[in-house]
Amino acid sequence: MSLIITETQDAIGTIVMNHTAKRNALSEALINEVTVVLDAFHEQGIRAVVLRAPAGTKVWSAGHDVSELPDKGRDPLGWADPLRVLIRAIQEFPAPVLALIEGGVWGGGCEVAMACDILVATPEATFAITPAKLGVPYNLGGLLTLMNMIPLPIAKEMLFTAQPIPTSQALNLGVINYIKPADAIDAFVYGLAAHIVANSPLSISVMKEQLRLLSSARSITPELFERMQGLRRVVYDSQDYEEGLTSFREKRKPRFQGN
Ligand code: LCV
């Protein structure tokens, strides 16, 4: 049974993440379906994509599928990790991807939403960035996405507390473009998409790629890269990382010891 629902109309493609039993946890299976559809949309010349969950959902996405995080000793968010593949697929898709957000957005789900080009959320939506809750070492690309989207003190608050922030704060920070009530958000998002579709797809796709390249342009020395990877290794080799995954599986609060 498919984990997503897709639709195309007037050069606008819609992807509904529909694995509601697992709160749209970003499993390899769900991500594979999304990336296959994005490729098909590219082939069809789709000029705007809307990424959403079912209308009225309480959870847009519960983030990385925790059951697919590797045991300690392996980088849990490496280049080939499905979540990283999805984020790159959205960022590199040659047309704008609009996130229509209802419900809670958790962990890697925030990064997926923030990888989108335009974000519109209902007042009830929330955003929580959760590696600290699981004992996971965030990766370079993920931290860069956050640093590009969120002022450092707020990014630190979200990373260190792992607590959700409301859409009102996300709007104040410029993390999302609009807040729209649940009974108006569909028409508003598809109205934005219609404006985009009426403009030059070539100009838009080139500007999107230029902005992606410019926003990720950082001079990282080999020493800096190796230092970052070394720091991350301390975490994903730790007992705490193992405790984070075990506590999730056992549906209990983690007891982190700092080693
Ligand atoms: C697998 C899940 C998940 C899930 N994975 O429903 O950003 S990082 O670094 O942290 C990155 C590694 C990452 O993204 O990690 C994941 C971060 N996500 C979270 O911490 C959110 C974890 N989920 C929850 O807190 C709750 O599920 C929410 C609040 C999203 C929804 O709560 P609700 O009571 O509505 P349940 O918790 O009962 O979940 C329903 C089913 O979905 C599974 C969960 O295990 C349960 O499965 P079973 O019915 O088999 O017990 N599920 C939820 N989230 N991230 N599986």
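When a ligand or atom number is given, it counts from 1 through the structure's own listing order.
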Checklist entry - Donor-acceptor pair, Arg252 side chain versus Arg249 backbone, under 3.5 Å? => result no
Item to check | Residues Arg52 and Asp186 bridged, charged N to O under 4.0 Å | outcome: yes
Checklist entry - Side-chain contact, heavy-atom cut-off 4.5 Å: Ser27 with Glu68? => result yes
Checklist entry - At a 4.0 Å threshold, what atoms of ligand 1 neighbour a non-hydrogen atom of Tyr138? => result 7 (O), 9 (O)
Checklist entry - Is the shortest distance from atom 56 (N) of ligand 1 to a protein heavy atom below 4.0 Å? => result yes
Item to check | Heavy atom of the protein closest to atom 9 (O) of ligand 1 (residue, atom name, distance) | outcome: Pro131 CB, 3.3 Å
Item to check | Leu134 contact mode with ligand 1 (heavy-atom cut-off under 4.0 Å) | outcome: side chain
Next on the checklist: Just to confirm my output: which protein heavy-atom neighbour is closest to atom 44 (C) of ligand 1, and how far is it?
Outcome noted: Lys251 NZ, 4.0 Å
Item to check | Nitrogen or oxygen of Thr130 less than 3.5 angstrom from that of ligand 1 | outcome: yes
Next on the checklist: What protein heavy atom lies closest to atom 29 (C) of ligand 1? Include the residue and the distance to one decimal.
Outcome noted: Trp106 CZ2, 3.7 Å
Checklist entry - Looking at atom 39 (O) of ligand 1, what's its closest protein heavy atom, distance included? => result Arg23 CG, 4.0 Å
Checklist entry - Identify the closest protein heavy atom to atom 5 (N) of ligand 1: which residue and atom is it, and at what distance? => result Val66 N, 2.9 Å
Checklist entry - Which atoms of ligand 1 sit under 4.0 Å from any heavy atom of Gly107? => result 7 (O), 14 (O)
Checklist entry - Looking at residues at least two apart in the chain, or sitting in another chain, which of them share a salt bridge (Lys or Arg N to Asp or Glu O under 4.0 Å) with Asp117? => result Lys208
Checklist entry - Do the side-chain N and O atoms of Thr145 and Glu111 include a donor-acceptor pair separated by under 3.5 angstrom? => result yes
Checklist outcome for this item: Heavy atoms of Ala48 and Leu98 approach each other most closely as CB-CD1, 4.2 Å
Checklist entry - Applying a 4.0 Å heavy-atom criterion (strictly less than), which segment of Glu111 is in contact with ligand 1: side chain, backbone, both, or neither? => result neither
Next on the checklist: Heavy atoms only, cut-off 4.0 Å: how does Ala62 contact ligand 1, side chain, backbone, both, or neither?
Outcome noted: both
Item to check | N or O pair under 3.5 Å between Ala25 and ligand 1 | outcome: no
Checklist entry - Is there at least one pair of N or O atoms, one from Leu69 and one from ligand 1, spaced under 3.5 Å apart? => result no
Next on the checklist: Using a 3.5 Å distance criterion without hydrogens, assess whether the side chain of Asp10 forms a donor-acceptor pair with backbone atoms of Ile12.
Outcome noted: no
Checklist entry - Is it true that the side chains of Glu33 and Ser2 contain a donor and an acceptor less than 3.5 Å apart? => result yes
Checklist entry - Where is the nearest protein heavy atom to atom 3 (C) of ligand 1: which residue, which atom, and how far? => result Phe248 CZ, 3.6 Å
Next on the checklist: Just checking Phe225: does its CZ atom have more than 12 heavy atoms from other residues, nucleotides or ligands closer to it than 6.0 angstrom?
Outcome noted: no
Item to check | Those atoms of ligand 1 less than 4.0 Å from some heavy atom in Ala21 | outcome: 40 (C), 41 (C), 42 (O)
Checklist entry - Which protein heavy atom lies closest to atom 11 (C) of ligand 1, and at what distance to 0.1 Å? => result His64 CB, 3.7 Å
Checklist entry - Against heavy atoms of Lys133, which atoms of ligand 1 measure under 4.0 Å? => result 20 (O)
Checklist entry - Just which atoms of ligand 1 are under 4.0 Å from any heavy atom in Val136? => result 9 (O)
Checklist entry - For ligand 1, which atoms have a heavy atom of Asp65 less than 4.0 angstrom away? => result 1 (C), 5 (N)
Next on the checklist: Checking contacts now, so for atom 37 (O) of ligand 1, which I'm interested in, is there any protein heavy atom under 4.0 Å?
Outcome noted: no
Checklist entry - Hey, does Thr122 have a side-chain heavy atom less than 4.5 Å from the side chain of Thr167? => result no
Item to check | Close N or O approach (Val59, ligand 1; < 3.5 Å) | outcome: no
Checklist entry - With side chains defined as the heavy atoms from C-beta onward, is the minimum distance between Pro70 and Tyr241 less than 4.5 Å? => result yes
Checklist entry - Counting each atom of ligand 1 from 1 as listed, which ones have a heavy atom of Gly63 under 4.0 Å away? => result 14 (O)
Checklist entry - Under a 4.5 Å cut-off applied to non-hydrogen side-chain atoms, are Leu38 and Val49 in contact? => result yes
Item to check | Co-membership, hydrophobic cluster, residues Leu143 and Leu26, 4.5 Å side-chain | outcome: yes
Next on the checklist: I'd like to know if the side chain of Arg23 reaches the main chain of Val59, judged simply by a donor and an acceptor atom lying under 3.5 Å from each other, with no hydrogens or angles considered.
Outcome noted: no
Checklist entry - At what distance is the nearest protein heavy atom to atom 43 (C) of ligand 1, and which residue and atom is it? => result Lys22 CA, 4.2 Å
Checklist entry - Atoms of ligand 1 less than 4.0 Å from Gly108 heavy atoms? => result 7 (O), 13 (C), 14 (O)
Next on the checklist: Under 4.0 Å from atom 17 (C) of ligand 1, can you find at least one protein heavy atom?
Outcome noted: yes
Next on the checklist: Taking the side chain as everything from C-beta on, heavy atoms only, tell me whether Ile196 gets closer than 4.5 Å to Ile118.
Outcome noted: yes
Next on the checklist: Under 4.0 Å between a side-chain nitrogen and a carboxylate oxygen: does that hold for Glu102 and Lys180?
Outcome noted: no
Item to check | Is_contact(atom 51 (O) of ligand 1), protein non-hydrogen, under 4.0 Å | outcome: yes
